[in-house]
Engineer: 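My structure is below; once you've seen it, I'll send some questions.
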Amino acid sequence: MEFLKRHYEKIILSVVLIGLAAAVAMLPMKIREEKEYLTQKKSTISDKPIKYVPLDHSSYDKALARATNNTPVVLNGGVSGHNTFNPVLWQVKEDGTLIKIVSPEESIGLKKLELVSIKPLNYVVAFEKVSGFSYVMTVFNEAKPKISKRTCYLSKASPKVTGMFSLVEVKGESQNPEALVIEMADTKEQATITTNQPFKRVEMYVADMRYDLEKREFKQQKKGDKIGFAGDIFKIVDIKADEVVFFAESSGKTVSVKLKAAAQ
C-alpha cells in the first residue's frame with residue numbers, strides 16, 4: 001500500500017500511455033478496414049445510371065390552356081348574326097322593305113349618316129372707300145339669323161366703333177391709304193385690310209347631311225341643333241371644318257362623323 005501511495009500518479013500515467021499505444025497500433029487496421037468498406041460500396045454503384053424520365057403532365061397543360069383561353073358564350077349575336085335569346089332588330093325603309101340590323105353601330109345610326117358639306121359662316125370687315133376725312137367700312141356677320149350689312153365710319157379723330165373694332169394705323173397717305181390696320185374689340189386681334197382684301201373670321205360652321213336609309217336630308221345644321229333618325233335623337237355638340245360631333249341621347253355617347261373627303 002505504501003508503494004501505491006507513493007507511485008499512484010506514475011501508475012495512472014503508465015496505464016494511459018499503454019492505452020494510447022494500443023490505439024495507435026490499431027489505427028492502421030481500422031484504416032484498412034474503412035478502405036475495404038468504401039471499395040466494396042463503390043463496386044455496387046452502376047457505371048450506367050438509369051436515364052431520367054420526366055413526368056408526363058401534358059393532360060394538365062391542356063386543361064390549363066382550356067381554362068385560360070375559354071371561348072365566350074355569345075348570347076346577343078356576333079359575327080354570325082344569330083342571337084341565343086334576344087331577337088334581331090329589323091328596320092322598315094321608306095319603300096317598305098326590311099333591313100336586318102346585325103350590328104346597330106355599323107348598320108344604322110351615325111355610321112350611315114353622310115356629311116354632304118360643311119360651310120364656314122364668316123364675320124367680315126371690308127374697307128370700301130375714303131369719304132372726306134373718314135374711311136367707310138362695311139361689316140356683316142353671316143352667322144346672324146338675318147344677314148345684314150352695316151356701314152361704319154372711321155377716322156383718326158374718331159378711331160373706334162364701339163363694341164366692334166378700332167383704327168390702329170393708316171398706311172400711306174391719309175386721303176389715299178394703301179391699307180388700314182384695325183383691332184377687333186373682342187379678341188384684340190389686329191388685321192391689315194385694303195379695298196381688295198377684307199378681314200374675315202370664321203364665326204361658326206353649318207353642315208348639310210343626309211340619311212339615305214330613311215331618305216332624309218338635314219340642311220344648314222349648326223351647333224346646338226338636334227336631328228332625329230334611326231329611332232334616336234342626336235344633338236350637334238360641335239362643327240369643325242372637317243367633322244361634326246354628335247351626342248346620342250339614347251346612349252349618352254359622343255360620336256364624331258367626318259367628311260368623306262377629309263377621311264380619305
Side-chain angles (χ1 to χ4, degrees), residues 76-81 87-128 137-150 164-165 184 186-187 189 191 193-194 196-264:
N76 62 340
V79 179
S80 62
V88 176
L89 179 65
W90 293 83
Q91 185 176 9
V92 181
K93 295 176 64 177
E94 292 290 331
D95 58 3
T97 58
L98 295 175
I99 307 173
K100 183 180 180 181
I101 310 303
V102 178
S103 174
E105 291 79 8
E106 297 293 335
S107 303
I108 60 173
L110 291 175
K111 289 291 184 180
K112 292 297 182 180
L113 180 69
E114 180 182 353
L115 296 184
V116 179
S117 65
I118 296 179
K119 176 185 176 183
L121 298 182
N122 298 312
Y123 179 85
V124 182
V125 179
F127 172 29
E128 298 292 342
M137 316 292 288
T138 301
V139 182
F140 60 98
N141 190 349
E142 296 176 343
K144 295 293 184 180
K146 294 182 179 180
I147 301 176
S148 60
K149 292 185 178 181
R150 176 179 174 181
M164 299 178 68
F165 51 85
M184 308 307 296
D186 52 357
T187 62
E189 176 185 6
I193 61 176
T194 66
N196 296 322
Q197 183 180 352
F199 166 78
K200 285 187 178 182
R201 181 179 70 192
V202 177
E203 290 292 280
M204 63 186 300
Y205 291 93
V206 292
D208 292 346
M209 55 197 80
R210 64 169 175 254
Y211 188 66
D212 289 336
L213 292 178
E214 297 177 2
K215 298 188 183 307
R216 302 189 64 183
E217 293 186 350
F218 308 96
K219 294 184 177 294
Q220 297 292 300
Q221 300 298 308
K222 60 183 181 298
K223 180 179 178 180
D225 288 348
K226 293 184 178 182
I227 58 176
F229 59 90
D232 202 348
I233 301 297
F234 302 94
K235 181 180 180 180
I236 299 176
V237 178
D238 192 16
I239 303 179
K240 301 178 182 179
D242 59 350
E243 68 177 343
V244 180
V245 182
F246 294 92
F247 174 79
E249 292 189 352
S250 62
S251 63
K253 294 181 178 180
T254 301
V255 181
S256 175
V257 178
K258 287 187 172 292
L259 273 173
K260 285 187 176 180
Q264 292 175 352

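Each residue takes its place number in the sequence, starting with 1.
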Engineer: Treating E214 as the side-chain partner and A230 as the backbone partner, does any N or O pair qualify as donor plus acceptor under 3.5 Å?
Structural biologist: yes

Engineer: Answer yes or no: is there a donor N or O on one side and an acceptor on the other, between the side chain of E142 and the main chain of N122, under 3.5 Å?
Structural biologist: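 Such a contact is found between E142 side chain and N122 backbone.
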
Engineer: Taking atom CG of L110 and atom NZ of K253, what is their separation to the nearest 0.5 Å?
Structural biologist: 11.0 Å

Engineer: Rounded to the nearest 0.5 Å, what separation is found between the CD atom of E249 and the CG atom of D232?
Structural biologist: 7.0 Å

Engineer: Has K235 got its NZ or CZ under 6.0 Å from the middle of the six-membered ring of F247, at an angle within 45 degrees of the ring axis?
Structural biologist: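 No - K235 does not lie over the ring of F247 by the 6.0 Å and 45° rule.
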
Engineer: Less than 4.0 angstrom from a charged side-chain N to a carboxylate O is my criterion; do D212 and R210 meet it?
Structural biologist: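 Answer for the salt bridge query: yes.
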
Engineer: Could you please spell out the steps behind the side-chain contact (heavy atoms from CB on, under 4.5 Å) verdict for L121 and K222?
Structural biologist: CA-CA 10 Å; L121 298 182; K222 60 183 181 298; over 6 Å; no

Engineer: Would you say that F218 contacts D225 through its side chain, given a criterion of any heavy-atom pair below 4.5 Å between the two side chains?
Structural biologist: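 They are not in contact (no side-chain heavy atoms under 4.5 Å apart), so the answer is no.
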
Engineer: Using every non-hydrogen atom in the two residues, find where K240 and I118 come nearest and quote the distance to one decimal.
Structural biologist: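 Answer, listing the atom of K240 first, then I118: O-CG2, 3.3 Å.
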
Engineer: Which atom pair, heavy atoms only, marks the closest approach of V124 to P198?
Structural biologist: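 In this case the closest contact between V124 and P198 is CG1-CB, 4.0 Å.
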
Engineer: Looking at side-chain heavy atoms only, is the closest gap between I227 and M209 below 4.5 Å?
Structural biologist: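 Yes. Closest side-chain heavy atoms under 4.5 Å.
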
Engineer: Mind checking whether F229 and F234 have ring centres under 6.0 Å apart?
Structural biologist: yes

Engineer: Grab the two heavy atoms, one from V139 and one from M164, that are nearest each other, plus how far apart they are.
Structural biologist: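 Here V139 and M164 meet closest at CG1-CE, 3.4 Å.
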
Engineer: Is NZ or CZ of R216 both nearer than 6.0 Å to the six-membered ring centre of Y211 and within 45° of the ring axis?
Structural biologist: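 Output no; distance or angle outside limits.
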
Engineer: Rounded to the nearest 0.5 Å, what separation is found between the OG1 atom of T138 and the CD atom of E128?
Structural biologist: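 Taking OG1 in T138 and CD in E128, the distance rounds to 3.5 Å.
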
Engineer: Report yes if some heavy atom in the side chain of T254 is under 4.5 Å from a heavy atom in the side chain of V245; otherwise report no.
Structural biologist: yes

Engineer: Let me confirm one number: the CD1-CZ distance from I193 to F165, rounded to the nearest 0.5 Å.
Structural biologist: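 Rounded to the nearest 0.5 Å, the CD1-CZ separation comes to 7.0 Å.
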
Engineer: What is the minimum heavy-atom distance between V244 and A207, and which atoms define it?
Structural biologist: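 Closest heavy-atom pair between V244 and A207: CG2-CB, 4.0 Å.
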
Engineer: Going from CD on E114 to CD on E217, what distance comes out if it is rounded to the nearest 0.5 angstrom?
Structural biologist: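 Reported to 0.5 Å precision, the distance equals 10.0 Å.
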
Engineer: Taking only residues two or more places apart in sequence, or in another chain, which ones meet D208 in a side-chain hydrogen bond (donor to acceptor under 3.5 Å, both in side chains)?
Structural biologist: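 With sequence neighbours excluded, D208 shows a side-chain hydrogen bond (donor to acceptor under 3.5 Å, both in side chains) to no residue whatsoever.
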
Engineer: Going by salt bridge (Lys or Arg N to Asp or Glu O under 4.0 Å), name the residues that satisfy it together with K119, two or more places apart in sequence or in a different chain.
Structural biologist: none

Engineer: Hey, could you give me the NZ/CD1 distance between K223 and I236, rounded to the nearest 0.5 Å?
Structural biologist: 11.5 Å

